[in-house]
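First the proteins, then the strands, lettered A, B, ... as listed; each starts at 1.
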Number of protein chains: 2
Amino acid sequence: MTQISDTVDYIGGRTRLYGIVGHPIEQVRSPEMFTAEFRRRERDAILVPLHVLPNDFDETLPALMRLHNLDGLVFTIPYKVRACALAGELGVQAQRVGAINALARGVDGRWRGEIFDGLGCVEAFRRRGMSLVGQRIALIGTGGAGAAVGMAIAGEGPRSMRLHDLDRGRAEALAARVRAAPPAVDVVVAPPSIEDADVLLNVSPVGMLGDARLPVEVDSLPARLIVFDAVVKPERTPLIELAAACGCATVVGREMMRGQVSRMVDFFLSGGADAA
Amino acid sequence: MTQISDTVDYIGGRTRLYGIVGHPIEQVRSPEMFTAEFRRRERDAILVPLHVLPNDFDETLPALMRLHNLDGLVFTIPYKVRACALAGELGVQAQRVGAINALARGVDGRWRGEIFDGLGCVEAFRRRGMSLVGQRIALIGTGGAGAAVGMAIAGEGPRSMRLHDLDRGRAEALAARVRAAPPAVDVVVAPPSIEDADVLLNVSPVGMLGDARLPVEVDSLPARLIVFDAVVKPERTPLIELAAACGCATVVGREMMRGQVSRMVDFFLSGGADAA
């Protein structure tokens, strides 16, 4: 809390609006992180939570995009794939993944979509000095964010990837995309095997908010395993707690977000010109 | 500016949204004033500017009202009359005036509309110790806000009211409403006459932002005249500057707003139960 007065200094009639669209919305960290990044860059802008119910998405989003002072939207679960249809133009990553998490209004009024999840995850590993080259990857969750993470990790040259999703067709689709793009990676669709993996990534919503479940049925994890969880709230999910207890190195969703936020604000402020 | 850090403390995933809808939007003061009032009451809520173009209003507003974390809207020029159609229920003032400036989502999901402009204006005079009883009133502008101010002032028991609007039909309609409601007031529709007035009120947009015009064609004002201008940006309009130069007592739009904000936040937080 800052001072209590007749007015506040962080919102006004000229403030440019950005929003994060999701369902549920309470768990998102984008409002505080993007707004801080806009502030760091001395922009009069704010990112607010926009709780859109699935049945309202098709009518509400075009209406939001007509708000004259709204310049960009972030998409989270369950809208990353569905939001593609809103973009007049898709960036390279978004075309590969078939999902977006950012939509920017261009100076020409055209909306450009791109996905930064995968780049953010790879960046988080890089910042921790953990190479993905030659590693055996187990990826759980191949929806919008999971597919983005999968494509970006595949681009780093791992030895193999094992993909799992409750919707098997979605995992197969990602496997096909990974096979189609260089470099060559050995990909299978199968439940995660802790014994045969070097890096375990959860990009499913399991463990979010009060969810006490693990995304994989195990009692312990081998200490050599690197464990990543994309869930940002709570910062320490049941999976991350178990991994830490077992002596594994862990990378959390918040680390992925930090790298993303800066790249996404570049994207927004350039009207979608600085796509990944 | 507070500290610059990784996050800010005034917006998050749980923040409840309110918006002010207008065209133009840059001049509005509601975002900083309402947000400060929410903060004073320790509510995690923010009011943001929503710039809706006239052609988009009918499609955009119902969509905004479906946002699951949006609890209320404020309406400003040119939407106070048009917004009535959005309310499932109208408060007493709104029914009299035929306009709303607040729309609150009730706990039952029903939207309730009310107008607080008039009450805010009367409250501003009261706080300054200026009685309207027995006064000769000249009112310029009888749109949504002007009608609300006219009805509320009529309720204070002035001696006479002279109403003026570029749209004469609008002024006639307000005159009819004033005549129909107690107490009895002598009302005419005519251009303002400085000589025959004790209180001059501008509730038209003349003088807003860079507009250098006066709402009345005069070179000077009698010092005994009390001059009110509902325009909030700039705080000192050409009319207020002239009045001050001529020795008139002045009441500005910001004073009207202060009283309103508190009443409107009561209205929002009660889901429209605390109508005027």
Side-chain angles (χ1 to χ4, degrees), chain A residues 1-17 19-40 42 46-53 55-57 59-70 76 232-233 254 257-258 261, chain B residues 1-17 19-40 42 46-53 55-57 59-70 76 232-233 254 257-258 261:
Chain A
M1 298 285 285
T2 47
Q3 86 289 358
I4 290 170
S5 82
D6 199 23
T7 64
V8 297
D9 66 355
Y10 52 79
I11 185 83
R14 294 181 185 280
T15 305
R16 303 303 295 181
L17 285 188
I20 175 163
V21 176
H23 172 66
I25 203 70
E26 292 76 13
Q27 79 291 351
V28 298
R29 302 299 306 263
S30 292
E32 56 260 44
M33 294 185 78
F34 279 84
T35 302
E37 183 69 15
F38 286 128
R39 190 155 196 163
R40 201 181 64 73
E42 299 181 346
I46 194 166
L47 188 140
V48 300
L50 299 171
H51 190 177
V52 175
L53 301 184
N55 282 343
D56 294 334
F57 188 89
E59 278 184 75
T60 300
L61 268 292
L64 289 172
M65 291 160 70
R66 278 198 294 272
L67 285 175
H68 211 56
N69 58 337
L70 185 136
T76 187
V232 290
K233 229 173 204 175
R254 196 169 171 91
M257 268 206 76
R258 280 202 199 98
V261 166
Chain B
M1 300 285 284
T2 47
Q3 84 290 1
I4 290 170
S5 80
D6 199 23
T7 65
V8 297
D9 65 356
Y10 51 79
I11 185 83
R14 296 182 183 278
T15 305
R16 303 303 297 181
L17 284 188
I20 175 162
V21 177
H23 172 66
I25 202 71
E26 292 77 12
Q27 79 290 350
V28 299
R29 302 300 304 263
S30 293
E32 56 260 45
M33 294 184 79
F34 279 84
T35 302
E37 183 69 15
F38 286 127
R39 191 158 194 158
R40 203 182 63 72
E42 298 182 347
I46 195 166
L47 189 140
V48 299
L50 299 171
H51 190 179
V52 175
L53 301 183
N55 282 342
D56 294 333
F57 187 89
E59 277 184 75
T60 301
L61 267 295
L64 289 172
M65 291 160 69
R66 278 197 294 272
L67 284 175
H68 211 56
N69 59 336
L70 184 137
T76 187
V232 290
K233 232 174 202 175
R254 195 169 173 91
M257 267 205 78
R258 281 200 199 98
V261 167

Residue B:Leu53 versus chain A: region with a heavy atom under 4.5 Å: side chain
Out of B:Arg14, B:Met33, B:Glu26, B:His23, which one racks up the most heavy-atom pairs below 4.5 Å with chain A? B:Glu26
Would a distance-only check, ignoring hydrogens and angles, find a side-chain to backbone donor-acceptor pair under 3.5 Å from B:Asn69 to A:Ile25? no
Is chain A contacted by the side chain of B:Arg16, its backbone, both, or neither, given a heavy-atom distance below 4.5 Å? neither
Please identify which of these residues, B:Glu32, B:Arg258, B:Arg40, meets the side-chain contact (heavy atoms from CB on, under 4.5 Å) condition with A:Asp6. B:Arg258
Quick check on B:Leu47 against chain A: is it the side chain, the backbone, both or neither that has a heavy atom closer than 4.5 Å? backbone
Chain A contacts, top residue of B:Val21, B:Val52, B:Thr60 (heavy-atom pairs, under 4.5 Å): B:Thr60
Options A:Lys233, A:Arg29, A:Arg254, ranked by heavy-atom pairs under 4.5 Å with chain B, top entry: A:Arg254
Side-chain contact, heavy-atom cut-off 4.5 Å: B:Leu64 with A:Leu64? yes
Between A:Leu61, A:Val28, A:Thr35, which shows the greatest number of heavy-atom pairs under 4.5 Å with chain B? A:Thr35
What are the two closest non-hydrogen atoms of B:Pro49 and A:Gly12, and how far apart are they? CG-O, 3.2 Å
Which answer fits B:Ile11, side chain, backbone, both or neither, if we ask what part of it has an atom under 4.5 Å from a heavy atom of chain A? both
I'd like to know whether B:Leu67 forms a side chain to side chain contact (heavy atoms under 4.5 Å, CB included) with A:Asp56, so could you lay out the CA-CA distance, the side-chain angles of the two residues, the decisive distance to 0.1 Å, and finally the verdict. CA-CA 8 Å; B:Leu67 284 175; A:Asp56 294 334; over 6 Å; no
Non-hydrogen side-chain atoms of B:Val8 and A:Ile46 separated by less than 4.5 Å: no
Show your working on side chain to side chain contact (heavy atoms under 4.5 Å, CB included) between A:Leu17 and B:His51 and close with a plain yes or no. CA-CA 10 Å; A:Leu17 285 188; B:His51 190 179; over 6 Å; no
Could you look at A:Gln27 and say if it's the side chain, the backbone, both or neither that has a heavy atom under 4.5 Å from chain B? neither
Any idea how A:Tyr10 and B:Tyr10 line up, ring-wise: parallel (<30°), tilted (30 to 60°), or perpendicular (>60°)? parallel
